[in-house]
Peer 1: 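Please find one structure pasted underneath; my questions will follow.
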Amino acid sequence: MASVPSLASTVQQRLADGLSAALPDAGSADPLLRRSDRADFQANGILALAKRLKGNPRELAAQVVAAIPENDVLQEIEVSGPGFLNITVTDAAIVRTLAARAADARLGVPFNESAGTTVIDYAQPNVAKEMHVGHLRSAVIGAAMVEILEFTGETVVRRHHIGDWGTQFGMLIQYLIEHPHELDHQAEDGAEVSGEEAMSNLNRLYKASRALFDSDEEFKTRARARVVDLQAGDEETLALWQRFVDESKIYFYSVFDKLDMDIRDGDVVGESGYNDMLVETCRILEESGVAVRSEGALCVFFDDVKGPDGNPTPLIVQKSDGGFGYAATDLSAIRDRVQNLKATNLVYVVDARQSLHFKMVFETARRAGWLNEDVKAVQLAFGTVLGKDGKPFKTREGETVRLVDLLDEAIDRASAVVREKALDLTEEEISERGTQVGIGAVKYADLSTSAARDYKFDLDQMVSLTGDTSVYLQYAYARIQSILRKAGDARPAAHPELALATSERALGLHLDQFGELIAETAAEYAPHKLAAYLYQLASHYTTFYSECPVLKADTPEQVENRLFLCELTARTLHQGMALLGIRTPERL
């Protein structure tokens, strides 16, 4: 089905036609239409046009208004101030447009069949290490952008660039060789090992191997030799390395499952996945002159990147000892994603503190020709999760907060809120809803903040029934479902012939912006804009609900029309929240 034109686009077209008729010299001037608190819309494009045509803006505005014939969309156009147009649309136009939106399974959101392929790099934990609060934002923001981009028509390839390579594996593998039963475990009842058990085993082994590495010079020498074996592809070493990767994945997937995120094994391509490309990447960069040898290392220099001493700070692709750094892996990943995955856009959901690294990597890839006008890369940089005190989030002991502990606490807090409000829910339902509300609260708090900003992690606020929280949105959705269940024989139906109350108009006009908002969110990689829209939608609905009786409206037609507004609001909330990765329970 073709996308449904919004009221704004319809009004824009009527104004553009009026401009062309009244002012032929205007060309294809933009009316500059926007929502307004003085009317439904305001157009201020005539001010700039009057300057260009050297005319009086109020007189030109009046000419434009006179050139627009009477129609069933525009109820009133008022010339205001120095030449603004304040525009009020008809109630019938609002309801007709919403009816077309409701008839579309996509709620009027355009689907771009000619969109490109985006590779999005997000959720990047490290093998044999615990996931902590610092891993939250990449996972949550990245997963939301995957859903939003796919919904708008983009072909999305997910990539989880896990840290599964490096010198620490020499230490871990050597310890396991000398203590071969450290990973020989199984749950007592013969079931598979849980994520928590897997991480506990890895933590124990990591601490033991680190203690030995720091205290025993001979073990340290053996561990370093094991790194060489790993990089050389020694079969026994690789087999043990794979055990660490597999054990870590049990743990990763348990945490992502708790986050209600779909992580597919085939999308996990860690640092090791690009090993075979590193030598060729360096050769291409050196032979093309993009990278040069400096004190034995292969480096790329930039005029605008200098260290504290004022000297150029290079991107080191290969170290002087022949080892490869992160840059070689990241550049090889770009080659793979562009040449093999045919990406037109690369999106990296990575901590803002890595911005300089990615700036240099992207510029190097541009110089090498891997990025160009047709293939672009962007870092969707995110800020830090802070505690209530505004400082980086730590435990009382000063340790980094374990992600799984934080999620469990959110679920506990949310379950208490659900239990307090639950009237007809079983314990099993309370547990299920508590999980959905708790995880939703964590995700929404993250996504409702612009990614680039730091935000305070405050569980008390996150699970509040009031204010800008996912719980507020979930309760709005559940309230609508309750009304629809109580409607009996009355069915939602649009009635354009009815006059609308002020709060009905406000709700309707906001519902109509959904398609344009989704397109804007996708284009700007800005999920916080969708979160803000949904909060405003729930707020408009709350006002409508308090001012306009639904099931006790004056006439059967008014009941049907208000049920129609309720149902479209619920569908929009459900779709919008799903794009953010948040569940909307039918009952709360």
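Computed from heavy atoms alone, side chains included, the values below leave out hydrogens, waters and symmetry copies.
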Peer 1: Taking the side chain as C-beta and beyond, is there a heavy-atom pair between Arg224 and Phe213 under 4.5 Å?
Peer 2: yes

Peer 1: Ignoring hydrogens, what is the shortest heavy-atom contact between Trp165 and Glu271? Give both atom names and the distance.
Peer 2: O-OE1, 3.5 Å

Peer 1: Under the 3.5 angstrom rule, does the side chain of Lys443 hit a backbone N or O of Gly581 as a donor-acceptor pair?
Peer 2: yes

Peer 1: Sequence neighbours left out, what passes side-chain hydrogen bond (donor to acceptor under 3.5 Å, both in side chains) with Gln318? Give chain and number order.
Peer 2: Arg293

Peer 1: Does the side chain of Arg583 pick up a donor-acceptor pair with the side chain of Gln436 at under 3.5 Å?
Peer 2: no

Peer 1: Got a sec, which residues hit side chain to side chain contact (heavy atoms under 4.5 Å, CB included) with Ser450, two or more places apart in sequence or on another chain?
Peer 2: Ala452, Arg453, His528

Peer 1: So, using side-chain hydrogen bond (donor to acceptor under 3.5 Å, both in side chains) as the criterion, who are the partners of Thr281 when residues are at least two apart?
Peer 2: Ser332, Arg335

Peer 1: According to side chain to side chain contact (heavy atoms under 4.5 Å, CB included), who are the partners of Asp214, at least two apart in sequence or on a separate chain?
Peer 2: Arg210

Peer 1: Check whether more than 12 heavy atoms from other residues, nucleotides or ligands sit under 6.0 Å from atom CZ of Phe302, and answer yes or no.
Peer 2: yes

Peer 1: Apply side-chain hydrogen bond (donor to acceptor under 3.5 Å, both in side chains) to His160 and list each qualifying residue two or more places apart in sequence or on a separate chain.
Peer 2: none

Peer 1: Within the side chain of Ser470, is there an N or O that forms a donor-acceptor pair under 3.5 Å with the backbone of Ala441?
Peer 2: yes

Peer 1: Who are the ring pair (Phe, Tyr, Trp, His ring centres under 6.0 Å) partners of Tyr535, not counting sequence neighbours?
Peer 2: Tyr472

Peer 1: May I ask you to check whether Asp330 and Tyr274 show a side-chain donor-acceptor distance below 3.5 Å?
Peer 2: no

Peer 1: Quick one: does Ser138's side chain have a donor or acceptor within less than 3.5 Å of a partner on Val349's backbone?
Peer 2: yes

Peer 1: Under the rule for ring pair (Phe, Tyr, Trp, His ring centres under 6.0 Å), what residues qualify as partners of Tyr348, not counting sequence neighbours?
Peer 2: Phe358, Phe362

Peer 1: Output all residues satisfying ring pair (Phe, Tyr, Trp, His ring centres under 6.0 Å) with His357, sequence neighbours left out; order by chain, then residue number.
Peer 2: none

Peer 1: Side-chain contact, heavy-atom cut-off 4.5 Å: Leu346 with Val378?
Peer 2: no

Peer 1: If you compare all heavy atoms of Glu130 against all heavy atoms of Tyr251, which two are closest, and at what distance to 0.1 Å?
Peer 2: CG-OH, 3.4 Å

Peer 1: Under 3.5 Å, side chain of Tyr444 to main-chain N/O of Met462, donor-acceptor pair present?
Peer 2: no

Peer 1: Assess Arg106 against Phe151: is NZ or CZ under 6.0 Å from the centre of the six-membered ring, and within 45 degrees of the ring's axis?
Peer 2: yes

Peer 1: Can you find a heavy atom in the side chain of Met145 that is under 4.5 Å from one in the side chain of Val347?
Peer 2: no

Peer 1: Can a salt bridge be assigned to the pair Asp246 and Lys249 using a cut-off of 4.0 Å between side-chain N and carboxylate O?
Peer 2: no

Peer 1: So if I apply the side chain to side chain contact (heavy atoms under 4.5 Å, CB included) rule between Ile141 and each of Leu580, Leu447, Leu136, which one comes out positive?
Peer 2: Leu447

Peer 1: If only atom types and distance count, is the side chain of Arg226 paired as donor or acceptor with the main-chain N or O of Ile177 below 3.5 Å?
Peer 2: no

Peer 1: Sub-3.5 Å donor-acceptor pair from the side chain of Asp454 to the main-chain atoms of Thr384, do we have one?
Peer 2: yes

Peer 1: So for atom CG, which belongs to Asp276, do other residues, nucleotides or ligands contribute more than 12 heavy atoms lying within a distance under 6.0 Å?
Peer 2: no

Peer 1: In terms of side-chain geometry, is the basic nitrogen of Arg159 or Asp121 positioned less than 4.0 Å from the acidic oxygen of its partner?
Peer 2: no

Peer 1: Could you list all the salt bridge (charged side-chain N to carboxylate O under 4.0 Å, His left out) pairs where at least one residue sits in residues 340-365, not counting sequence neighbours?
Peer 2: Asp304-Lys359, Asp351-Arg353, Glu363-Arg366, Glu363-Arg367

Peer 1: Spell out, as yes or no, whether a donor-acceptor pair under 3.5 Å connects the side chain of Thr237 to the backbone of Gly233.
Peer 2: no

Peer 1: Among Leu238, Val245, Leu240, find the residue that satisfies the side chain to side chain contact (heavy atoms under 4.5 Å, CB included) test when tested with Gln242.
Peer 2: Val245

Peer 1: Who passes side-chain hydrogen bond (donor to acceptor under 3.5 Å, both in side chains) against Ser288, sequence neighbours left out?
Peer 2: none

Peer 1: Can Lys258 and Glu196 be counted as an ion pair, charged N to O under 4.0 angstrom?
Peer 2: no

Peer 1: In chain order, what residues pass the ring pair (Phe, Tyr, Trp, His ring centres under 6.0 Å) check against Phe393, with sequence neighbours excluded?
Peer 2: Phe457

Peer 1: What residues, two or more places apart in sequence or in another chain, satisfy side chain to side chain contact (heavy atoms under 4.5 Å, CB included) together with Gln12?
Peer 2: Asp30, Pro31, Leu33

Peer 1: Could you tell me whether the side chain of Asn201 and the main chain of Glu197 form a donor-acceptor pair under 3.5 Å?
Peer 2: yes

